[in-house]
Amino acid sequence: QVELVESGGGLVQAGGSLRLSCAASGRTFSMYRMGWFRQAPGKEREFVASITWSGGYTFYADSMKGRSSISRENTKNTMYLQMNSLKPEDTAVYYCAAATMASTRQNDYDYWGQGTQVTVSS
């Protein structure tokens, strides 16, 4: 069992930055691939970024490529998502998730956090 808790969301103006954190507890954090997803009002949850257990390989959705950076510190059981040049369309609830395989598909993720709200004003 892995418990995930996101933090760092909030209200930011367009063009601003936020860093989201995901703190994990329970089973060995370093065993899992980790990912970020988001869900905007009225839309399906979508993939944002993922990172392998070692942090050596990352993958981004086209919408966030070049504007975000995913990282992790296994010694702190924590994953991060640095988001820059935020746009109003980035407004969503952001979720972190853990999987035993590298994937962009939410169905492949076994554990989920409760989410943190990110609101970008124009």
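The first residue in the sequence is number 1, and the count goes up from there.
Between S122 and A14, the closest heavy-atom pair is CA-CB, 4.3 Å. In terms of heavy atoms, T91 sits closest to P41 at O-CD, 4.4 Å. Taking every heavy atom of both residues into account, V93 and G115 meet most closely at CG1-CA, 3.8 Å. Listed here is the closest heavy atom pair of N84 and S17: OD1-OG, 2.9 Å. In this structure, R38 and A92 approach most closely via the heavy-atom pair CB-CB, 3.8 Å.
Hydrophobic clustering of Ile, Leu, Val, Met, Phe, Trp and Tyr side chains at less than 4.5 Å, counting indirect connections, keeps L18 apart from Y95. A continuous path of hydrophobic side-chain contacts links Y60 to V120 [ILVMFWY only; heavy atoms under 4.5 Å]. L20 and Y80 fall into different hydrophobic clusters, where Ile, Leu, Val, Met, Phe, Trp and Tyr residues are linked whenever their side-chain heavy atoms come under 4.5 Å apart, directly or through other members. M79 and L4 fall within a single hydrophobic cluster, where Ile, Leu, Val, Met, Phe, Trp and Tyr side chains are chained together by heavy-atom contacts under 4.5 Å. One hydrophobic cluster, built from ILVMFWY side chains closer than 4.5 Å, cannot hold both Y32 and F37; they sit in different ones.
The closest donor-acceptor contact from the side chain of E73 to the backbone of N77 lies at 3.5 Å or more, if one exists at all. In this structure a side-chain-to-backbone donor-acceptor pair under 3.5 Å is present from T116 to G9. Proximity of a side-chain donor or acceptor of R72 to a complementary backbone N or O of T52 within less than 3.5 Å is detected. At least one donor-acceptor pair under 3.5 Å links the side chain of T78 to the backbone N or O of K76. Checking side-chain atoms of R67 against main-chain N and O of S85 turns up a donor-acceptor pair under 3.5 Å. A donor-acceptor pair under 3.5 Å is formed between the side chain of E6 and the backbone N or O of C96.
Around the CD atom of E3, the shell of radius 6.0 Å holds no more than 12 heavy atoms that belong to other residues, nucleotides or ligands.
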Working for side-chain contact (heavy atoms from CB on, under 4.5 Å), residues S121 and L11: CA-CA 7 Å; S121 63; L11 174 64; 4.3 Å; yes
One pair to check against side-chain contact (heavy atoms from CB on, under 4.5 Å): M83 and V118. What are the steps and the verdict? CA-CA 11 Å; M83 300 187 294; V118 171; 4.1 Å; yes
One pair to check against salt bridge (Lys or Arg N to Asp or Glu O under 4.0 Å): D90 and K87. What are the steps and the verdict? CA-CA 5 Å; D90 294 320; K87 306 174 183 179; over 6 Å; no
From CA spacing to verdict: side chain to side chain donor-acceptor pair (under 3.5 Å), Q82, R19: CA-CA 4 Å; Q82 175 69 42; R19 189 175 82 154; 4.9 Å; no
Apply side-chain contact (heavy atoms from CB on, under 4.5 Å) to residues Q114 and V5 and explain how you reach the verdict. CA-CA 7 Å; Q114 293 300 306; V5 179; over 6 Å; no
Can S50 and T58 be said to form a side-chain contact (heavy atoms from CB on, under 4.5 Å), step by step? CA-CA 6 Å; S50 65; T58 58; over 6 Å; no
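Here W112 contributes atom CH2 and C22 contributes atom SG; the two are 11.0 Å apart, rounded to the nearest 0.5 Å. Going from atom CE of M34 over to atom CG of N74 covers 9.5 Å, rounded to the nearest 0.5 Å. Rounded to the nearest 0.5 angstrom, D110 CG and M101 CE are separated by 9.5 Å.
Using a cut-off of 4.0 Å between Lys/Arg side-chain N and Asp/Glu carboxylate O, R105 and D108 are scored as salt-bridged.
Between W36 and F47, the ring centre distance reaches or exceeds 6.0 Å.
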